[in-house]
Amino acid sequence: MDEPRFELAWTREEGAERAALGFRRTFGTDPVGVWAAPGRVNIIGEHTDYNQGLCAPIALPHCVYAAVAPSDDDTVRLSSAQLAEGELWQIPMDEVRPGNVSGWGAYVAGTIWGMRQRLMPAPAVTAYVDSCVPFGAGLSSSAALSCAFAVAEAALAGVPDSAGLRIRLVDAACDAENQIVGAPTGGLDQSASLRSARAHVLILDFLNSVARQVPFNLASARLELLVIDTKAPHQLNDGQYGSRRASCEAAARKLGVASLREVDDLDAAMRILGPDSVEGKRARHVITEIARTKEFEQIARQGCWEELGRLFQESHNSLRYDYEVTVPELDVAVESALATGAHAARMTGGGFGGSVIAVVPVERLQRVANGVSEAFAQAGFAPPAFLIGTPSAPAARVR
Ligand code: GLA
């Protein structure tokens, strides 16, 4: 077995330098500025966002960096360290509409389109993108791409930054994903990237867009948040995510409520839906996960980290057996992390692949990383990668 691989985050200075250099090499001039937006992990509250529920993400130190200048012909032109040198992704803005844009640039052009739909000024841009958010790991690299451009656009248009602006930018970035890319996701990822705060967990309430910053200082208890990228392929627009969402909406209709957030009597809901029906299982996950997220907020406020083990276990099992979005790699990562010394572990994000988070005593980090890597090798899975999930700053200008 190879040594476990840790994906280190660049400093914001380093990321800014890479993106600015790439811009100069590609376009022969300097960018107007460089903006960064972080990937995220959700501590708890999975598949609750599109049910008007609560979730609890942190921003990762790993960011997407965009070196940007306005373009003078209303065309978006993008290059990236992840493309061949000199290769461009481009589209005139008048061709951007649902069903007409493909490729990674859809997250950028889609965000500009979303802002314009919402009557926000948003110039077309020439840009160079670089990123240390792992791709396809369920850590929201694509939402981070949208959010880096959302803050860049607002700044280029001279709109002052504010909490209210960021809520509107979340909506525009969601338009890009829902309408231009065509993935029916719920807003957790974009909110995390735009509204998080360093050293805090963001308690997001999707019923009213309220966000509460709660200090999240595992380090004072000599704990770290270990993120395990299982490398199991992760896709949200292949129908599975949409079918989960459709089941929740159908369950809410049968219960006569606007969303599952309104259900306060689980037993009564199960009597109507049937506890073993698909809709019953999906609804039970959402209803209990919202309750767990409320409980998590109290735990975080009191710093009672010893409670996390049970809470994460209940969440993971609910996602595994009721929501049915785990895959063997996620289950093995959780089990092997717990077996080798993690206090708590669960899958994070949409599922169907992606990542696991584990709360681990600092001195056991290496042991847990070794243990998970070994379990993966034994199961015949590709080697996982590891990140340290320090709660970091939201999207911002970095140069
Ligand atoms: C993905 C989606 C989010 C959210 C999570 C599950 O990350 O993009 O909107 O639904 O899955 O919590």
Side-chain angles (χ1 to χ4, degrees), residues 37-60 106-107 110-111 133-147 170-196 201-207 209 211 227 229-230 232-249 259-261 282 285-293 296 312 315-316 318-320 322-327 330 346-357 389:
R40 63 97 188 89
V41 288
N42 193 19
I43 306 299
I44 199 160
E46 229 59 88
H47 292 277
T48 50
D49 54 354
Y50 53 83
N51 288 296
Q52 311 298 303
L54 292 109
C55 50
I58 60 163
L60 289 172
Y107 286 95
T111 300
V133 185
F135 291 114
L139 301 175
S140 295
S141 58
S142 38
L145 176 62
S146 281
C147 294
V170 167
D171 290 338
C174 289
D175 292 343
E177 182 147 61
N178 295 159
Q179 299 186 50
I180 300 299
V181 177
T185 52
L188 156 65
D189 311 338
Q190 295 80 1
S191 304
S193 193
L194 285 162
R195 302 180 72 193
S196 291
V201 56
L202 184 72
I203 306 292
L204 277 167
D205 190 335
F206 281 85
L207 195 57
S209 279
V227 182
D229 169 6
T230 68
H234 162 88
Q235 275 287 340
L236 288 181
N237 53 0
D238 68 351
Q240 289 285 354
Y241 185 95
S243 88
R244 296 299 182 285
R245 187 168 180 159
S247 297
C248 292
E249 285 159 6
S259 72
L260 292 177
R261 173 65 181 277
R282 305 298 188 248
H285 164 70
V286 171
I287 296 163
T288 57
E289 185 79 353
I290 291 172
R292 282 187 286 274
T293 310
F296 170 75
F312 277 24
S315 172
H316 187 83
S318 178
L319 288 155
R320 180 174 183 176
D322 276 349
Y323 222 62
E324 296 178 281
V325 293
T326 71
V327 293
L330 291 169
R346 60 178 288 277
M347 61 152 274
T348 183
F352 314 110
S355 293
V356 157
I357 48 172

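Atoms within a ligand are numbered from 1 in the order they appear, just like the ligands themselves.
Between Thr48 and ligand 1, not a single N/O pair is under 3.5 Å apart. In terms of polar-atom proximity, defined here as any N/O pair under 3.5 Å, Glu177 makes no such contact with ligand 1.
Atoms of ligand 1 found under 4.0 Å from any heavy atom of Tyr50, numbered from 1 in the order shown, are 10 (O). Taking a cut-off of under 4.0 Å to the non-hydrogen atoms of Arg40, the atoms of ligand 1 that pass are 7 (O). Residue Gly186 has at least one heavy-atom neighbour below 4.0 Å for each of these atoms of ligand 1: 9 (O). In the vicinity of Gly349, heavy-atom distances shorter than 4.0 Å reach the ligand 1 atoms 6 (C), 11 (O). Every atom of ligand 1 is numbered from 1 in the order shown, and the set under 4.0 Å from a heavy atom of Thr185 is 2 (C), 8 (O), 9 (O). Taking a cut-off of under 4.0 Å to the non-hydrogen atoms of Leu188, the atoms of ligand 1 that pass are 4 (C), 5 (C), 9 (O), 12 (O). The contact set between ligand 1 and Asp189, taken as ligand atoms under 4.0 Å from a residue heavy atom, comprises 1 (C), 2 (C), 3 (C), 7 (O), 8 (O). For ligand 1, the atoms closer than 4.0 angstrom to any heavy atom of Asp49 are 3 (C), 4 (C), 9 (O), 10 (O).
Between Val325 and Leu330 the shortest heavy-atom distance is O-CD1, 4.2 Å.
Rounded to the nearest 0.5 angstrom, Asp322 CG and His285 NE2 are separated by 8.5 Å. From Glu289, atom CD reaches atom CG of Asn51 across 11.0 Å, with rounding to the nearest 0.5 Å.
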Check the pair Phe206, Ser191 against side chain to side chain contact (heavy atoms under 4.5 Å, CB included), reporting the backbone distance first and the verdict last.
-> CA-CA 10 Å; Phe206 281 85; Ser191 304; 4.1 Å; yes
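Side chains of Leu54 and Arg261 form a contact here, defined as non-hydrogen atoms less than 4.5 Å apart. Looking at Arg282 and Leu260, their side chains never come closer than 4.5 Å, going by heavy atoms from C-beta outward. Put simply, the side chain of Tyr50 does not reach to within 4.5 Å of the side chain of Leu188, judged on heavy atoms.
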